[in-house]
Amino acid sequence: MSEIDKLYEAVLGLKAPWRIERVETDLAAGEVHVWVALPVNTRWVCPECQAEAPIHDHQDRSWRHLDTCQFHTLVHARVPRLKCPTHGVRQLQVPWAEPGAQFTALFEMLVIDWLKQASVSAVARYLRISWDEAAGIQTRAVRRGLARREQVSPKYVGVDETSFRKRHDYVTVVSDLERGQVLHVADGRTQASLDAFWTGLPKAQLQGIQAVAMDMCAPYIQSTLLNLPAADEKIVFDKFHIAQSLSKALDLVRRSESRRLGAAGYRTLKGTRFDWLRHPASFSRAETRAFAELRRRVRRMARAWELKETAMAIFDLKAAWAARRNFGAWFQWAIRSRLEPMKRVARTLLRYWDQIENYFRHRITNASLEALNTKIQQVKRRSRGFRSRERFREAILFHCGGLDLYPAAAIRP
Ligand SMILES: [Zn+2]
């Protein structure tokens, strides 16, 4: 065997009975062709049942492999098809590629590594493969990863929506909050979107779920109550979402106050929108003084702001009973505040209080989901959108699913 044959044997990770037959370099085309051969007189076994089987015929096959320097490298082999008495005609499994693949496992690994960093189009262009080929490698990687993921038993899950294309076009994303991984992606944000996740879980995993963080969103609540045992003790309304509702109400009060003051010729609230929404801890000393002065001048706004800050302070308490007591007092205050937007939020919080109180037992939030959401939107921007929801779903699982994506056949150096 020549030195070059030895080199390619090592590069392909070939083991007996496979061996390099010959290597040809086509300088003009910039290609290296590697022929792999099997010895005759070997006893072959069926890939399904390992029973000995005679050769039925051969098929000429080629695989794109990692480039040799900058030369495209192609592996060729005449692969036998075996005739198993039980399974019929089956192609022999080659050690360097997955069944049916047009690329060696090492080449697929390279594509997968690149896809983690760049869009499908960029990877296809760079590695000189077609868009469909690069996308196909991603599809198979996700399918493989999902098939391997059986033993995941999440304790805490989060449910959220993320935008797909237009503003009102969403998918539902279910994640494992402890591992920060996406478990499930479904079309839309309806009850059925989430039902598919619950009904797809094996019973033991369903029993293992201790709490679910979500927004106060009727379809998700309905679905969870219907499918998760003892759900009313496990649903936790996300405190960041509650803060968001309070901020929205605060902003509504500001707008109506601004109109009222404007009509009377005062411009006190002009340009103060973000001062009201900012976290007070982020103010400098001068800003703190100025903001206190502003609050003295617009009492209704000050009251709305204090309501919001007081409500959020409840979440810093240790015990559920203390939270319930403070919320009771806060609710009475809010309902008498004569601030319609605040009263509306107060009624919503009262209706959902039991599930808000579950926070003090489980202490989970959708914060890690927010981080995943940011990543999902980054992937979306990099790809300049997706052709279909299915491709979007696949990309989310590829980038955020924590899946084992590499081909099993990959010989790891
Ligand atoms: Zn068989």
Side-chain angles (χ1 to χ4, degrees), residues 1 5-6 8-23 33-66 73-112 129-130 132-153 199-205 390 394 397-398 401 403-413:
M1 191 160 62
D5 289 358
K6 269 188 211 155
Y8 276 99
E9 203 169 80
V11 164
L12 279 170
L14 282 187
K15 287 191 187 79
W18 301 93
R19 58 181 179 80
I20 302 286
E21 189 176 53
R22 66 182 197 277
V23 177
H33 297 270
V34 182
W35 274 271
V36 178
L38 344 135
V40 281
N41 305 329
T42 304
R43 297 189 333 185
W44 301 108
V45 294
C46 164
E48 304 263 339
C49 64
Q50 314 302 320
E52 200 169 318
I55 290 180
H56 176 70
D57 60 1
H58 288 83
Q59 277 187 329
D60 287 321
R61 294 201 49 198
S62 303
W63 298 264
R64 166 95 186 262
H65 188 54
L66 301 176
T73 301
L74 291 142
V75 177
H76 307 277
R78 295 196 73 204
V79 183
R81 291 201 305 165
L82 310 170
K83 195 164 184 180
C84 169
T86 319
H87 296 97
V89 177
R90 282 285 183 321
Q91 187 162 68
L92 188 75
Q93 172 66 51
V94 298
W96 57 82
E98 297 263 285
Q102 294 159 291
F103 303 96
T104 65
L106 281 171
F107 187 84
E108 290 206 20
M109 274 175 83
L110 175 77
V111 174
I112 290 166
I129 56 179
S130 72
D132 286 335
E133 286 170 334
I137 289 174
Q138 187 177 62
T139 304
R140 282 199 301 280
V142 169
R143 207 175 294 154
R144 201 183 285 134
L146 289 175
R148 288 172 183 166
R149 199 187 56 175
E150 278 173 44
Q151 62 285 46
V152 178
S153 278
T199 51
L201 276 186
K203 203 165 181 182
Q205 288 186 22
E390 186 44 39
E394 198 177 278
L397 289 166
F398 183 88
L403 299 173
D404 179 6
L405 298 165
Y406 290 143
I411 300 132
R412 279 151 221 219

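When a ligand or atom number is given, it counts from 1 through the structure's own listing order. Hydrogens, waters and symmetry mates are skipped; everything else that's a heavy atom, side chains included, is used.
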Does R148 use its side chain to pair, donor to acceptor, with the backbone of D404 at less than 3.5 Å? yes

Between R90 (side chain only) and L82 (backbone N and O only), is there a donor and an acceptor less than 3.5 Å apart? no

What is the ring orientation for W63 with W96, classed by angle as parallel under 30°, tilted 30 to 60°, or perpendicular over 60°? perpendicular

For the student: nearest non-hydrogen atoms of I20 and E9, plus distance: CG1-N, 3.7 Å

Check: Q205 side chain, P202 main-chain N or O, donor-acceptor pair, under 3.5 Å: no

Tell me the protein N, O or S atoms under 2.8 Å from the Zn ion (ligand 1), in chain and number order. C46 SG, C49 SG, C84 SG, H87 ND1

Could you state the interatomic distance from NE2 (H76) to CZ (R78), rounded to the nearest 0.5 Å? 14.0 Å

